[in-house]
Amino acid sequence: MVNRQPIDVYAHDIGEEKQASVLSGSASSTEKRLSALFNDYDDPNALRKLAGGIKDHTLHHLDRYLEQTEASLKRNGGHVHFADTADDAREAVLSILKERELTRLTKSKSMASEEIHLNDYLTEQGIEVLESDLGEFIIQLDGDTPSHIVRPIIHKNRREIARSFQRGGIATDYNDDPETITRRARVHLREKYMQAEAVITGGNFISAESGRVVLVTNEGNSRFGMAPSRVHIALVGIEKLVPTDRDLAVFLNLLGRSATGQQLTVYTEFISGPKDEGQPSGPEEMHVVLMNNGRTDVLASNCREILRCIRCSACQNVCPVYRQASGHAYRSPYGGPVGAVLSPILFGDKFPELADLPKASSLCGACNEVCPVDIPIPDLLLRLRDKAKREHIPQPGDLPMAPFATLATSPAIWRTAMTMSKAMNHLPIHVAPVRPLQDWLGQRTLPDWHGGDFRKWLKSRREN
Amino acid sequence: MSRDTIFSKIRSAISELDCKAEHPGFEDDTIVSSSRLGSDSPKAAFKRNFEAVNGRVMNSCDEVVALLHEQGQTHGYCDPELMESVGQRLVDAGLEVETSYDRERYDDYAFGITRATGAIAESGSLILDDAKTSDRLAALSPWVHVAVLRESEILRTIPEALGRLNTSRNIIWATGPSKTADVEGILIEGVHGPGEQIALFVD
């Protein structure tokens with residue numbers, strides 16, 4: 001028997017400061033996000049269902065749309081690379097850089113790149129990669145990992161950041177004013193942008209019809225990274241396709257509102273190739289790396305709806321478990337409810353290690369309620385719990401059921417047990433030296449035992 | 001090799017589906033926010049939504065000059081094609097205006113004046129088409145970006161704007177100044193791009 005799930009250990013050991021940051025950060029703008037949808041639309045649920053429907057359609061015809069995307073990208077003058085595994089994706093990026101002898105890059109936030117640990121890999125190969133999203137920049141400075149999809153440093157407070165800036169040589173003095181922190185990053189990063197030879201971005205969507213790669217940022221970092229760079233590499237998961245440009249209206253309207261309560265994210269960039277001839281700024285070459293890395297396993301599973309995800313983080317923000325445990329407790333770039341479903345299947349070879357994630361949920365359903373693509377996350381969590389059971393992966397709470405079966409099938413023993421167990425109310429079981437019991441009680445409070453009361457009541461009722 | 005592997009994995013995964021979802025289809029009305037659009041003119045709706053994200057709408061070069069003076073900005077860039085209609089007015093008001101952007105001196109430009117090809121009323125967004133922008137860095141690195149457009153260029157809705165993306169290889173919608181809330185959720189403007197985003201109508 002496993003004593004305690006890893007996610008519970010994280011939640012238990014998380015420091016007070018970190019938990020306060022995660023809690024206030026995730027809870028703070030819930031109302032703003034909801035009102036952005038409900039004030040602007042009579043029936044936001046219709047919109048969520050529509051978005052889910054378009055994604056399902058795309059995923060069910062993914063071969064067709066992927067072929068169309070490839071053709072559109074090429075027609076626009078882009079280079080297309082396919083990467084089946086994380087290794088393939090890393091090598092594809094590296095060979096583009098090596099062939100052109102490019103060693104200095106900036107990078108705008110990309111969850112796909114976090115998935116394959118691209119920064120570490122490129123750094124080992126002697127390539128300088130600098131994260132340009134403010135949050136990711138600070139993560140990189142600290143050698144940390146992001147704990148939230150939209151706000152990677154949700155677990156840090158301004159004091160930690162100010163110390164990191166001092167330690168990392170970004171500032172000579174300590175200053176924890178958020179505006180000063182931002183200005184310092186602005187000055188530091190634009191010098192790096194101007195020196196960079198290439199830029200790596202993710203992609204929020206690709207329109208199969210036009211081959212437009214759509215990137216959204218609030219800071220303008222992807223735009224700034226691309227303007228002076230000679231080569232643009234977009235690393236995009238194959239589930240990011242949408243059929244047409246017109247479909248983008250549905251997703252762009254939902255993404256900003258669900259992520260941050262904005263109607264649209266500040267910068268919505270549509271890129272369909274290298275820069276136009278005669279333009280002074282912008283990349284001369286555009287490469288799109290279309291990455292699988294386990295997505296087809298998800299597509300083949302009974303949890304394929306999770307591939308609808310547009311990475312808005314709304315489910316993380318509302319999840320009571322995420323708020324207590326932090327994103328790091330989910331041990332992958334995807335924390336919270338989406339990660340609890342996605343990570344165990346996406347990283348299929350790690351399923352036994354990640355099988356605790358689907359269990360770490362009260363199935364309250366808040367994640368489904370706020371999901372802009374209407375993913376039935378609680379249902380998917382149950383399917384994964386079932387998978388873990390079927391594959392006999394040991395989990396905490398797996399009590400031996402045989403004694404219970406004996407109890408439940410013998411009325412006499414049952415009756416005795418019901419009444420006798422009342423004695424437990426007077427026993428100091430919360431200090432009993434039984435390890436499994438203590439593990440169980442560590443996260444629960446046992447109510448007073450009322451066993452036998454119903455039988456007693458029924459008996460006295462008959463007698464009257 | 002990866003290509004074939006991916007396609008065969010996809011085909012094998014979806015071959016097991018009992019039924020494949022049709023595209024649900026939708027009307028523009030479903031996705032256009034009528035409360036955002038309002039019942040007033042496209043320009044009034046654009047102004048309302050653009051100001052809601054801290055953009056500034058201006059109708060004369062004098063307003064631009066006043067803001068630059070107020071912020072102590074003295075040196076900037078102007079698209080040569082906009083010199084006559086906008087840049088020259090700034091020069092007359094004592095500001096220094098260059099008509100070429102030298103990226104070696106990116107820090108010298110406190111303001112940048114470039115063309116917007118349109119705007120979206122529903123969302124309060126400026127449409128910057130790279131093919132018609134003299135230099136995309138000039139619309140990005142200065143603290144103040146002045147996007148110059150005409151009232152007739154305003155589109156009403158997001159679907160309408162998506163329908164007119166045309167063949168340009170790079171189009172960006174700017175919905176307000178550059179911003180972040182990464183540090184403790186506190187909103188700070190002017191992270192990498194402009195801290196002041198201005199829409200200047202020249203009609």
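Residue numbering restarts at 1 for every chain, and letters A, B, ... go by the order of the sequence lines. Note that the coordinates shown come from a computational prediction; the quantities given were computed from them, not determined experimentally.
- At a 4.5 Å heavy-atom cutoff, the contact between B:Leu17 and chain A is made by side-chain atoms alone.
- Side-chain contact between B:Lys179 and A:Thr260 is absent, with no heavy atoms from C-beta onward closer than 4.5 Å.
- The contact between A:Ser281 and chain B is made by backbone and side chain atoms together, counting heavy-atom distances below 4.5 Å.
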query = salt bridge (charged side-chain N to carboxylate O under 4.0 Å, His left out) between B:Glu189 and A:Arg183: does it pass, once the steps are laid out?
reply = CA-CA 10 Å; B:Glu189 293 181 328; A:Arg183 295 289 165 268; over 6 Å; no
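- Proximity to chain A is absent for every atom of B:Ala138, based on heavy atoms less than 4.5 angstrom apart.
- A cation-pi arrangement, defined by a distance under 6.0 Å to the six-membered ring centre and an angle within 45 degrees of its axis, is absent between B:Arg169 and A:Phe270.
- In this structure, B:His192 contributes its side chain and A:Ser132 its backbone to a donor-acceptor pair below 3.5 Å.
- For chain B, the nearby part of A:Ile161 is the side chain; its heavy atoms alone come within less than 4.5 Å.
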query = Please walk me through it: do A:Asp88 and B:Ser2 pass side-chain hydrogen bond (donor to acceptor under 3.5 Å, both in side chains)?
reply = CA-CA 8 Å; A:Asp88 295 339; B:Ser2 268; 2.9 Å; yes
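- Between B:Leu162 and A:Arg246, every side-chain heavy-atom pair lies at or beyond the 4.5 Å cut-off.
- Heavy atoms of A:Ser28 lying under 4.5 Å from chain B are absent altogether.
- For the set A:Glu269, A:Glu67, A:Glu179, A:Gln263, the entry with the most heavy-atom pairs within less than 4.5 Å of chain B is A:Gln263.
- In this structure, A:Gln279 and B:Asp130 have side chains that are in contact, with non-hydrogen atoms separated by less than 4.5 Å.
- Under 4.0 Å is where a charged nitrogen must lie from a carboxylate oxygen, and between A:Asp84 and B:Lys9 at least one such pair does.
- In this structure, chain B has heavy atoms under 4.5 Å from both the backbone and the side chain of A:Leu66.
- Ion pairing of A:Lys156 with B:Glu184 is absent here, as no side-chain N (NZ or NE/NH1/NH2) approaches a carboxylate O to less than 4.0 Å.
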key: Step-by-step side chain to side chain contact (heavy atoms under 4.5 Å, CB included) determination, A:Asn221 to B:Val191   = CA-CA 8 Å; A:Asn221 55 314; B:Val191 190; over 6 Å; no
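- Both the backbone and the side chain of B:Ile6 come within contact range of chain A, with heavy atoms under 4.5 Å apart.
- The two atoms that bring A:Asp276 and B:Ala131 nearest to each other are OD2-CB, 3.7 Å, heavy atoms only.
- Checked by atom type and distance alone, the side chain of A:Tyr41 pairs as donor or acceptor with a backbone atom of B:Ile31 at under 3.5 Å.
- Proximity to chain A (any heavy atom under 4.5 Å) is restricted, for B:Ile188, to the side chain, taken from C-beta onward.
- A heavy-atom distance below 4.5 Å is not found between the side chains of B:His23 and A:His61.
- Only the backbone of A:Thr265 comes within contact range of chain B, with heavy atoms under 4.5 Å apart.
- Residue contact with chain A, scored on non-hydrogen atoms closer than 4.5 Å, involves the backbone and the side chain of B:Arg3 alike.
- Among A:Asn292, A:Leu62, A:Asp63, the single residue meeting the side-chain contact (heavy atoms from CB on, under 4.5 Å) criterion with B:Phe7 is A:Asp63.
- Among A:Gly220, A:Ala83, A:Gly25, the residue with the largest count of heavy-atom pairs under 4.5 Å with chain B is A:Ala83.
- When heavy atoms are compared at a cutoff of 4.5 Å, A:Pro243 approaches chain B solely by way of its side chain, counted from C-beta outward.
- Both the backbone and the side chain of B:Ser168 come within less than 4.5 Å of a heavy atom of chain A.
- By the 4.5 Å heavy-atom criterion applied to side chains, A:Phe82 and B:Asp4 are not counted as neighbours.
- The contact between A:Leu47 and chain B is made entirely by side chain atoms (from C-beta outward), counting heavy-atom distances below 4.5 Å.
- For B:Pro177, the part sitting under 4.5 Å from any heavy atom of chain A is the backbone (N, CA, C, O) and nothing else.
- Nearest heavy-atom pair across A:Gly135 and B:Asp182 is N-OD2, 2.7 Å.
- Contacts of A:Ile238 with chain B are made by side-chain atoms alone, with heavy-atom separations under 4.5 Å and no backbone atom involved.
- A pairwise comparison of heavy atoms in A:Asp40 and B:Arg36 identifies OD2-NE, 2.9 Å as the closest pair.
- Across every non-hydrogen atom of A:Arg257 and B:Ser33, the tightest pair is NH2-CB, 4.1 Å.
- Shown here for B:Ile172 and A:Arg223, the closest heavy-atom pair between the two residues is CD1-CD, 3.1 Å.
- With respect to chain B, the highest number of heavy-atom pairs below 4.5 Å among A:Ala249, A:Ala92, A:Ser272 belongs to A:Ser272.
- At a 4.5 Å heavy-atom cutoff, the contact between A:Asn39 and chain B is made by backbone atoms alone.
- Minimum interatomic distance between B:Leu137 and A:Met194 (heavy atoms only, all atoms of both residues): CD2-CE, 3.9 Å.
- Between chain A and the residues B:Ala52, B:Pro159, B:Gly190, B:Gly195, the largest count of heavy-atom pairs under 4.5 Å involves B:Gly190.
- Between A:Met226 and B:Asn170, the closest side-chain pair of non-hydrogen atoms falls below 4.5 Å.
- For chain A, the nearby parts of B:Glu122 are the backbone and the side chain; heavy atoms of each come within less than 4.5 Å.
- Comparing A:Leu252, A:Ile271, A:Thr182 by how many heavy-atom pairs each has under 4.5 Å with chain B, the most go to A:Thr182.
- For the residue pair A:Glu219 / B:Thr180, a side-chain donor-acceptor distance below 3.5 Å is found, with atom types taken as modelled.
- Within the 3.5 Å criterion, the main-chain N or O of B:Gly193 finds a donor-acceptor partner in the side chain of A:Arg186.
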request  = Take B:Ile158 and A:Asn253 through the test side chain to side chain contact (heavy atoms under 4.5 Å, CB included) and record every step on the way to the result.
outcome  = CA-CA 9 Å; B:Ile158 291 174; A:Asn253 270 306; 3.5 Å; yes
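- The closest side-chain heavy-atom distance from A:Phe224 to B:Ser141 is below 4.5 Å.
- Looking at heavy atoms from C-beta onward, B:Arg136 lies in side-chain contact with A:Lys275 at the 4.5 angstrom threshold.
- Only the side chain of B:Ser125 comes within contact range of chain A, with at least one heavy atom under 4.5 Å from a heavy atom of that chain.
- For A:Val213, no part lies under 4.5 angstrom from a heavy atom of chain B.
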